Amino acid sequence: MNLPADSRAVHVRAPGKINLYLGVGGRQTDGYHELATVFQAVSLFEDVTATLADEITVHTTGPQAHDGVPTDDRNLAVRAAKLLAHATGYRGGAHLEIYKQVPVAGGMGGGSADAAATLVALDHLWQLGLTLSELHELGSQLGADVPFALQGGTAIGTGRGDDLHPALATGRFDWVLLTSSRGLSTPEVYARLDSRREENSLIFPLTPEVPPVVLQSLRGGFPEDLAEALHNDLQAPACELRPELADTIRHGVVAGALNAIVSGSGPTVALLCGGADEAAAAVERLREAGLRGQHVHGPVHGARIMNASPHDE
Ligand code: C5P
């Protein structure tokens with residue numbers, strides 16, 4: 001049976017991300033920091049299925065669904081739906097069913113992926129016909145990482161991180177993720193970086209730049225080169241707030257990773273491996289040490305309509 005377009009469930013998949021490089025500059029008057037970052041979208045996804053409803057409601061399932069995810073207006077998918085309705089004058093609602101695989105408050109942009117997927121799903125379901133740049137503009141009002149979740153691939157982010165320029169990356173990179181059951185608050189991690197910089201009168205570039213070596217290593221496609229170029233200014237404050245992260249990083253390197261880095265504001269640790277076989281071997285060694293690593297790869301696509309329920313695939 002062919003249903004009319006607006007009564008079908010629209011399923012959109014959006015990726016989580018790793019920051020391969022994250023340079024944090026000065027704090028602006030709005031509280032945000034000037035960034036120079038390189039994002040890579042990885043094969044850990046959020047699936048949002050939207051159906052027509054009178055109100056805007058959300059329900060979350062999946063391995064990363066837990067009570068800490070709000071279902072009211074603090075939920076980024078709900079905020080995305082309301083912003084889209086407000087911006088376009090759309091008067092109806094939608095129910096959003098989220099299958100969550102990206103850790104909550106994990107530094108991998110899970111909430112941003114939910115918002116990006118919701119914008120794309122509702123643009124289609126509500127037949128609004130917005131352009132990608134209009135969706136990006138709405139996305140950046142919701143969070144600095146939302147435009148990247150829309151775009152995917154590998155990209156340089158400047159400004160708040162939402163001013164995106166594509167970065168050329170050759171081949172695929174294999175990562176093992178070590179997630180944590182407790183999230184870290186992004187504003188707290190930034191605040192810890194600020195206070196350390198102040199206390200120690202540290203000198204840092206107010207407007208940071210991505211070092212050319214990072215982009216060269218991505219173009220070359222050799223994980224060994226990228227491993228040397230990985231850097232995150234938020235890693236030290238994240239490790240101060242969560243001291244066991246230093247052990248996690250050490251375990252990752254002992255398990256055979258080329259290098260390990262805290263993703264974004266943490267606490268997820270991303271291990272860069274030499275290839276798919278090396279990643280599988282690292283997962284096995286971590287398992288023997290009692291740690292659960294998850295093998296993913298990047299770059300992958302941004303928010304994309306899948307046209308089916310996630311569980312039908
Ligand atoms: O944009 P988003 O809501 O994801 O950011 C969460 C928090 O991270 C902000 O409230 C801010 O404290 C911090 N942040 C920042 N500078 C950025 C991006 C995020 O200070 N460029």
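Numbering of ligands and ligand atoms starts at 1, following listing order. None of these values were measured; they are calculated from a predicted model.
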Inset, instruction - List the steps and the verdict of side-chain hydrogen bond (donor to acceptor under 3.5 Å, both in side chains) for T57 and H95. - result: CA-CA 5 Å; T57 53; H95 177 67; 2.7 Å; yes
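- For ligand 1, the 4.0 Å heavy-atom shell contains residues G31, Y32, H33, L35, G143, A144, R160, T186, P187, Y190.
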Taking distance alone, no hydrogens or angles, what donor-acceptor pairs closer than 3.5 Å link side-chain atoms of residues 245-265 to residues at least two apart or in another chain?
unit_1	atom_1	unit_2	atom_2	d
D247	OD1	R250	NH2	3.1
T248	OG1	E244	O	3.1
N259	ND2	A227	O	2.7
S263	OG	G107	O	2.9
S265	OG	T186	OG1	2.9

Inset, instruction - Begin from the C-alpha positions of E199 and R196 and carry the test salt bridge (charged side-chain N to carboxylate O under 4.0 Å, His left out) through to its verdict. - result: CA-CA 5 Å; E199 282 161 24; R196 282 288 176 263; 2.7 Å; yes
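- Residues L150 and I156 are members of separate hydrophobic clusters, defined by side-chain heavy-atom contacts under 4.5 angstrom among Ile, Leu, Val, Met, Phe, Trp and Tyr.
- Evaluation of the side-chain contact (heavy atoms from CB on, under 4.5 Å) rule for I305 yields V10, V12, V120, H124, N307 as partners, not counting sequence neighbours.
- Judged as a side-chain hydrogen bond (donor to acceptor under 3.5 Å, both in side chains), and not counting sequence neighbours, Q151 has no contacts.
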